[in-house]
Amino acid sequence: MKSTSIKKLIKDIQARSLRLTVIGSGYVGLPTAALFAEAGFHVIAVDIKPEVVRAVSNGFSQINEPHLNEFISRNVQAGRLKATSNPIEALNQTNAVIISVQTPIDQNKNPILSFLMEALEDVGKNMKRGTLVVISSTVPPGTMLRKVKPKLESLSGLNADDEFYLAYVPERIAPGKALREFVESPRLVGSVGPNSTKIAAQLFKTVCKKVIETDAATAEIAKLAENTFRDINIAFANQLALICEQSGVDVMEAIELANTHPRVNIHTLGPGVGGPCLPKDPYLLINRTRPTKHDVINAARRINDYMPKHIVKLILEALKKTGKNIRNSRIAIFGTAYKGNVDDSKLSPSKPIIHELIKLGAKTTVYDPHCNESFEAKKAKSLHDAIKDADCLAIITDHTEFKNLNLKEIKALMNEKPAIIDGRRIINPHIAEESGFTYYGIGLGKPHKR
Ligand code: SAJ
């Protein structure tokens, strides 16, 4: 009976007759749904937001992700992709489900698993024998075995890896490159038993070039380790920047030289770390461990969280140097997105920077060609509108549009004695100074000038 069910599922995957529900159609779920539909499966994307369901049903995406619209449009037209806000309706028509709902943290940095638990409630109560359940949300260590598996078993009355199949398949896609990375990045399949591994791996092999099998608990830690490693590495680059400012050295040059060593790869410094993952995944990782004073993870979080304050400090220094006061100064902020060329402003360093500047009495205007968020600052219609009569330009996001600014033209529009604060080190300091700006770049130590 059991082996028939496994064989049938594998056959259904190969024949593309397996029907798939994706619960949570955000920046991970929607590319997931679109790519499985593109691979030939019938997929129902579920989301509680009616605007997301409406958009997909009309053949486009609410998320601004390269090529996603084309994939959605093509597959909706072909009848392979549908959307609904009713998970039960979807689950009743399908025999596999991928859950990709958000797992944020609360004010005390504790994980909020309520979205995942609600999705599991629907799945557990409506799942048929032989269903494959895949969790793609990022979860704290131990969640699959301690929470997901028992909850599904008790709600359904079925045994995992025997009467239904369960795997943890964490996503590894960065916004802006989601479709490509979904296919290209090796995909971890962490399961609760050999049958589940076999089936989940078979399903993901239809879209991903490489699948690596492991157990669920290891996959949970591996996923969290990836983002935590990146956060720690960026914190190190940021601390180097602070050291270089005090040492009269340019951190960009120092990192470039250090990175010529074959075993060194220091990341890029910046105004802080934002986005839906890096600022919270380190807290998911340390969630269940006892506090210890030997703690590099929290230390890195503290450094990265400090960086927006440092940007404000540089703005204050630059204004002082040009004989201006922050109160009533006009500050143009370039970028509210959390990183270059995306439209997402989640936990963007721009937010605390703008709020602090407003608190200090500055007149703050923002310009972002990709992102609508303004964080209570005045929103400029264009780049020129943002810098007109500004005393200081602070570059916070590394959008491509900000990498080749015409500094002479910008200077002509700004107030007397203009300053640039380069939070991403994308402006050449010499050209900025030659063009008549007071230039402060993060990590650029200039003892003779400060
Ligand atoms: N940042 C730096 N310096 C760097 C790299 C990034 O300051 O050298 C900043 C960015 O500007 C941004 C933040 O860090 O504010 C996060 O950006 P990111 O590009 O590192 O990460 P995300 O959040 O867009 O995507 C990450 C990716 N994880 C890794 O690269 C290890 C992605 O592969 C994951 O799928 C995603 O998190 C996720 O969903 O977990």
Side-chain angles (χ1 to χ4, degrees), residues 237-255 268-272 303 306-335 349-350 352-367 377-378 380 383-384 386-398 402-450:
N238 284 336
Q239 186 171 3
L240 278 180
L242 302 179
I243 291 168
C244 286
E245 281 180 26
Q246 288 171 25
S247 312
V249 165
D250 184 354
V251 71
M252 298 302 279
E253 202 182 334
I255 290 180
T268 312
L269 53 130
I303 294 170
Y306 162 73
M307 295 316 286
K309 292 191 189 75
H310 188 67
I311 294 286
V312 174
K313 205 170 141 226
L314 293 182
I315 293 174
L316 293 173
E317 270 183 44
L319 286 173
K320 195 168 159 211
K321 193 156 180 240
T322 54
K324 297 177 188 177
N325 194 304
I326 184 77
R327 184 158 285 278
N328 292 325
S329 278
R330 290 176 180 271
I331 318 278
I333 301 283
F334 274 12
S350 307
I353 293 170
I354 291 169
H355 285 178
E356 185 61 18
L357 291 172
I358 293 175
K359 211 166 105 193
L360 292 168
K363 293 190 172 143
T364 311
T365 305
V366 300
Y367 172 65
K378 192 174 157 233
L383 187 147
H384 287 181
I387 50 163
K388 195 165 178 324
D389 300 326
D391 297 292
C392 175
L393 163 61
I395 298 168
I396 309 302
T397 309
D398 46 350
F402 301 152
K403 289 187 178 164
N404 286 305
L405 297 173
N406 183 336
L407 294 182
K408 290 218 167 85
E409 201 178 288
I410 287 179
K411 172 148 189 301
L413 285 163
M414 287 176 73
N415 271 344
E416 286 284 284
K417 296 190 183 168
I420 289 183
I421 308 305
D422 187 355
R424 292 284 184 174
R425 297 302 305 274
I426 54 178
I427 305 279
N428 183 315
H430 305 292
I431 298 178
E433 282 174 354
E434 272 163 30
S435 309
F437 286 94
T438 294
Y439 174 92
Y440 278 60
I442 187 160
L444 178 63
K446 295 189 291 186
H448 53 290
K449 291 200 173 158
R450 283 193 188 165

Inset, instruction - Please confirm whether the backbone N or O of Met414 pairs with a side-chain atom of Asp389, one donor and one acceptor, at under 3.5 Å? - result: no

Legend entry - Contact check, side chains of Pro271 and Ile442, non-hydrogen atoms, under 4.5 Å: no

Legend entry - From CG (Leu393) to CD1 (Ile315), nearest 0.5 Å: 9.5 Å

Inset, instruction - Check Val249 against Ala254 and note the closest heavy-atom contact, atom names and distance. - result: CG1-CB, 4.3 Å

Inset, instruction - For residues Ser350 and Val366, determine if any side-chain heavy atom of one lies less than 4.5 Å from a side-chain heavy atom of the other. - result: no

Inset, instruction - From the options Tyr440, Phe402, Tyr439, Phe437, select the one residue that forms a side-chain contact (heavy atoms from CB on, under 4.5 Å) with Asp422. - result: Tyr439

Legend entry - From CD1 (Ile353) to CD1 (Ile358), nearest 0.5 Å: 12.0 Å

Inset, instruction - Considering non-hydrogen atoms only, spot the tightest contact between Gly272 and Pro308 and give its length. - result: CA-CD, 4.3 Å

Inset, instruction - Would you mind listing every salt bridge (charged side-chain N to carboxylate O under 4.0 Å, His left out) that reaches into residues 402-412, with sequence neighbours excluded? - result: none

Inset, instruction - Could you please spell out the steps behind the side chain to side chain contact (heavy atoms under 4.5 Å, CB included) verdict for Leu360 and Leu316? - result: CA-CA 10 Å; Leu360 292 168; Leu316 293 173; 4.3 Å; yes

Legend entry - Arg425 vs Asp250 side-chain heavy atoms within contact, under 4.5 Å: yes

Legend entry - Backbone N/O of Leu444 and side chain of Glu245: donor-acceptor pair under 3.5 Å: no

Inset, instruction - Of all the heavy-atom pairs spanning Leu319 and Ile326, show the shortest one and how long it is. - result: CD1-CD1, 3.6 Å

Legend entry - Test item: Leu405 and Phe334 side chains (from C-beta on) under 4.5 Å apart, heavy atoms: yes

Inset, instruction - Determine whether more than 12 heavy atoms belonging to other residues, nucleotides or ligands lie under 6.0 Å from atom CG of Asn406. - result: yes

Legend entry - Audit row: Asp391, Thr322, side chain to side chain contact (heavy atoms under 4.5 Å, CB included) steps and yes/no: CA-CA 9 Å; Asp391 297 292; Thr322 54; over 6 Å; no

Inset, instruction - Identify the two heavy atoms, one from Cys392 and one from Ile421, that lie closest to each other, and give their separation to 0.1 Å. - result: SG-CG1, 3.7 Å

Inset, instruction - Determine whether more than 12 heavy atoms belonging to other residues, nucleotides or ligands lie under 6.0 Å from atom CD of Gln239. - result: no

Inset, instruction - Give a yes or no answer on whether the side chain of Lys324 reaches the backbone of Lys417 with a donor-acceptor pair at less than 3.5 Å. - result: yes

Legend entry - Closest contact, heavy atoms only, Ala377 versus Ile354: CB-CG2, 3.7 Å

Inset, instruction - Answer whether the closest heavy-atom distance between the side chains of Lys313 and Tyr306 falls below 4.5 Å. - result: yes

Inset, instruction - Mind checking the CD1-CD1 spacing from Ile420 to Ile427? Nearest 0.5 Å is all I need. - result: 5.0 Å

Legend entry - Any side-chain heavy-atom pair of Val312 and His310 under 4.5 Å: no

Inset, instruction - Hey, could you give me the CG/CD1 distance between Asp398 and Ile426, rounded to the nearest 0.5 Å? - result: 6.0 Å

Legend entry - Of Val251, Leu242, Leu240, the residue whose pairing with Leu269 passes side-chain contact (heavy atoms from CB on, under 4.5 Å): Val251

Inset, instruction - Determine, stepwise, if the pair Glu317 / Lys320 fulfils salt bridge (charged side-chain N to carboxylate O under 4.0 Å, His left out). - result: CA-CA 5 Å; Glu317 270 183 44; Lys320 195 168 159 211; over 6 Å; no

Inset, instruction - Return the minimal non-hydrogen interatomic distance between Ala380 and Thr365, and the atom names on each side. - result: CB-CG2, 3.6 Å

Legend entry - Asn428 side chain near Leu407 side chain, heavy-atom distance below 4.5 Å: no

